[in-house]
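Below: one structure, written as structure tokens.
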Amino acid sequence: MKLDLLAFGAHPDDVELGCGGTLSKAVAEGKQVGIIDITQGEMATRGTPQTRAEESKAASEILGVNFRYNLNFRDAFIFNDQNHQLAVIKVLRKFRPAVVLCNAFKDRHTDHTKASELVSHAAFLSGLQRIETSDDKGNPQKAFRPKHVFHYIQWEELTPDFVVDISGFLDQKMKAIKAYKTQFYNEKDEGPQTPISSLNFLESVESRAKNMGRLIFRDSAEGFTSDRLLAVENFDSLL
């Protein structure tokens with residue numbers, strides 16, 4: 001399968017929070033979309049790897065993505081080293097996505113920034129022919145480099161380099177987020193409180209999307225940053 005869009009997240013729910021609207025919109029447009037979770041989120045205060053897996057499956061069905069896969073790296077111990085890079089390179093060479101989305105380059109959670117750097121570096125290294133990898137059947141993989149790597153925005157209020165209009169898809173994004181019942185606010189919640197389990201956090205995700213939309217005269221939007229300068233074919237490419 002050759003993907004149009006492949007989104008990476010350090011933990012199950014990162015992708016939904018950062019770019020769930022963009023993914024659901026891409027699916028509606030007929031694009032091939034996948035999600036790669038880097039860890040099971042086993043170090044989280046709330047939930048278990050089992051509940052996170054069930055929740056991520058439910059969220060994926062809401063978004064409508066083609067597939068979701070977990071690399072099963074150790075939560076809280078993501079490193080941008082050779083072993084981690086090769087694992088990501090194998091995924092990129094297998095699915096050959098045109099666009100890669102990944103964690104914020106600067107964020108409160110250290111796993112987010114480490115995962116951001118890991119995916120960015122692996123995307124570049126994946127294009128080097130002398131780095132040899134094999135697929136699941138032992139066949140050599142061809143070098144491949146995505147056209148673009150963009151970073152979604154998470155806890156920090158970063159200034160985006162561009163935004164994607166997700167008008168009409170915000171409800172779907174929020175439903176996918178709320179599928180993680182162990183992680184986010186619900187009225188019957190009696191678990192330990194965390195920075196993301198409050199009603200305020202859940203409302204802030206929705207309000208940020210609406211505010212991004214306001215700034216581009218649309219209902220809602222999601223912001224992204226880019227490691228390199230972006231170009232448009234002409235002014236007609238702009239909304």
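On a predicted model such as this, the values are computed, not experimentally measured, just so you know. For the numbers below, each heavy atom of this structure counts, side chains included, while hydrogens, waters and symmetry mates do not. Start at 1 with the first residue, then count along the sequence.
- A donor-acceptor contact shorter than 3.5 Å is absent between the side chain of Asp111 and the backbone of Ala10.
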Given the rule in the salt bridge (Lys or Arg N to Asp or Glu O under 4.0 Å) test, do Asp136 and Lys94 qualify, once you have shown the distances and angles that lead to the verdict?
CA-CA 9 Å; Asp136 297 336; Lys94 178 178 181 179; 3.6 Å; yes
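- Counted within 6.0 Å of NZ on Lys2, heavy atoms from surrounding residues, nucleotides or ligands total more than 12; the atom is thus considered enclosed.
- Between Arg74 and Thr39, the side chains place no donor N or O within less than 3.5 Å of an acceptor N or O (distance only, hydrogens not considered).
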Go through the steps to decide whether Val205 and Ile177 satisfy the test side chain to side chain contact (heavy atoms under 4.5 Å, CB included), and finish with yes or no.
CA-CA 10 Å; Val205 174; Ile177 292 170; 3.8 Å; yes
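- Residues passing the ring-ring contact (aromatic ring centres under 6.0 Å, His included) test with Phe162 are Phe150, Phe224, sequence neighbours excluded.
- Taking CD1 of Ile89 as the reference point, atom NE2 of His121 lies at 11.5 Å (rounded to 0.5 Å).
- A donor and an acceptor atom, one from each side chain of Gln85 and Asn80, are located under 3.5 Å apart.
- Linking Ile, Leu, Val, Met, Phe, Trp and Tyr residues whenever their side-chain heavy atoms come within less than 4.5 Å places Leu3 and Val88 in a single cluster.
- Summarising the geometry, atom NE2 belonging to His112 is positioned 14.0 Å from atom NE2 belonging to His151; distances are rounded to the nearest 0.5 Å.
- Both tests pass for Lys114 against the ring of Phe79: distance under 6.0 Å to the centre and angle within 45° of the axis.
- Annotation for Gln82: atom CD does not count as buried by contact number, only 12 or fewer foreign heavy atoms lying within 6.0 Å.
- Here the options are Asn103, Asp37, Asp107, the test is side chain to side chain contact (heavy atoms under 4.5 Å, CB included), and the partner is Asp14; only Asn103 passes.
- In this structure, the separation between NZ on Lys25 and CZ on Phe169 is 7.0 Å, given to the nearest 0.5 Å.
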For a side chain to side chain donor-acceptor pair (under 3.5 Å) check, start with the C-alpha distance between Gln183 and Ser197, then their side-chain angles and the critical distance, and finish with the verdict.
CA-CA 6 Å; Gln183 301 303 303; Ser197 68; over 6 Å; no
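- A distance of 5.5 Å separates NE2 in His11 from CD1 in Ile78, rounded to the nearest 0.5 Å.
- Remark: side-chain polar atoms of Gln141 are paired, donor with acceptor, to backbone N or O of Lys90 under 3.5 angstrom.
- Put simply, the side chain of Ser207 gets close to the backbone of Ser204: a donor and an acceptor are under 3.5 Å apart.
- Residues Ala179 and Ala58 approach most closely at CB-CB, 4.2 Å, considering heavy atoms.
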Assess the residue pair Arg68 and Glu16 against the criterion (salt bridge (Lys or Arg N to Asp or Glu O under 4.0 Å)); give the C-alpha distance rounded to whole Å, side-chain angles, the decisive distance to 0.1 Å, and a yes or no.
CA-CA 12 Å; Arg68 189 174 199 140; Glu16 286 82 359; 2.6 Å; yes
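- Remark: side-chain polar atoms of Asn186 are paired, donor with acceptor, to backbone N or O of Lys181 under 3.5 angstrom.
- Put simply, the side chain of Glu222 never gets that close to the backbone of Tyr152: no donor and acceptor are under 3.5 Å apart.
- Here the two rings, on Phe95 and Phe67, have centers that are under 6.0 Å apart.
- Arg46 places no side-chain N or O within donor-acceptor distance of the main-chain N or O of Thr194, the cut-off being under 3.5 Å.
- For the atom pair CG of Leu17 and CE of Met174, the computed distance is 8.0 Å after rounding to the nearest 0.5 Å.
- Once rounded to the nearest 0.5 Å, the distance linking CD1 of Ile196 with NE2 of His109 reads 8.5 Å.
- Here the side chain of Gln40 pairs no donor or acceptor atom with the backbone of Pro49 at under 3.5 angstrom.
- Nearest heavy-atom pair, Leu128 versus Arg145, reported as atom, atom and distance to 0.1 Å: CD2-NH2, 3.7 Å.
- For the pair Asp165 and Ala221, the tightest heavy-atom approach, listed with the atom from each and the gap, is CA-CB, 4.3 Å.
- Judged by distance alone, with hydrogens and angles left aside, the side-chain atoms of Ser24 form no donor-acceptor pair with the main-chain N or O of Gln172 at under 3.5 Å.
- Judged purely by atom type and a 3.5 angstrom limit, Ser56 uses its side chain to pair as donor or acceptor with the backbone of Arg52.
- The nearest pair of heavy atoms linking Phe201 to Pro195 is CB-O, 3.7 Å.
- For Asn66 (side chain) and Gly34 (main-chain N/O), no donor-acceptor pair under 3.5 Å exists by modelled atom type.
- Nearest heavy atom pair, residue His84 against residue Asp81, reads ND1-OD1, 2.7 Å.
- No side-chain donor from either of Gln193 and Ser198 sits under 3.5 Å from a side-chain acceptor of the other.
- Summarising the geometry of Leu170 relative to Ser220, their closest heavy-atom pair is CB-OG, 3.8 Å, with the distance given to 0.1 Å.
- Leu158 and Val149 fall into different hydrophobic clusters, where Ile, Leu, Val, Met, Phe, Trp and Tyr side chains are chained together by heavy-atom contacts under 4.5 Å.
- In the hydrophobic clustering of ILVMFWY residues, with side-chain heavy atoms under 4.5 Å counting as a link, Ile35 and Val164 come out together.
- Connection of Ile38 to Met43 is not established within any shared hydrophobic cluster, with ILVMFWY side chains joined at heavy-atom distances below 4.5 Å, either directly or through further cluster members.
- With hydrophobic clusters built from ILVMFWY side chains whose heavy atoms lie under 4.5 angstrom apart, Tyr180 does not share a cluster with Ile36.
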Please walk me through it: do Lys173 and Glu206 pass salt bridge (Lys or Arg N to Asp or Glu O under 4.0 Å)?
CA-CA 9 Å; Lys173 169 190 173 80; Glu206 186 170 8; over 6 Å; no
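- In the model, Asn211 has no side-chain atom that pairs as donor or acceptor with a side-chain atom of Arg208 under 3.5 Å.
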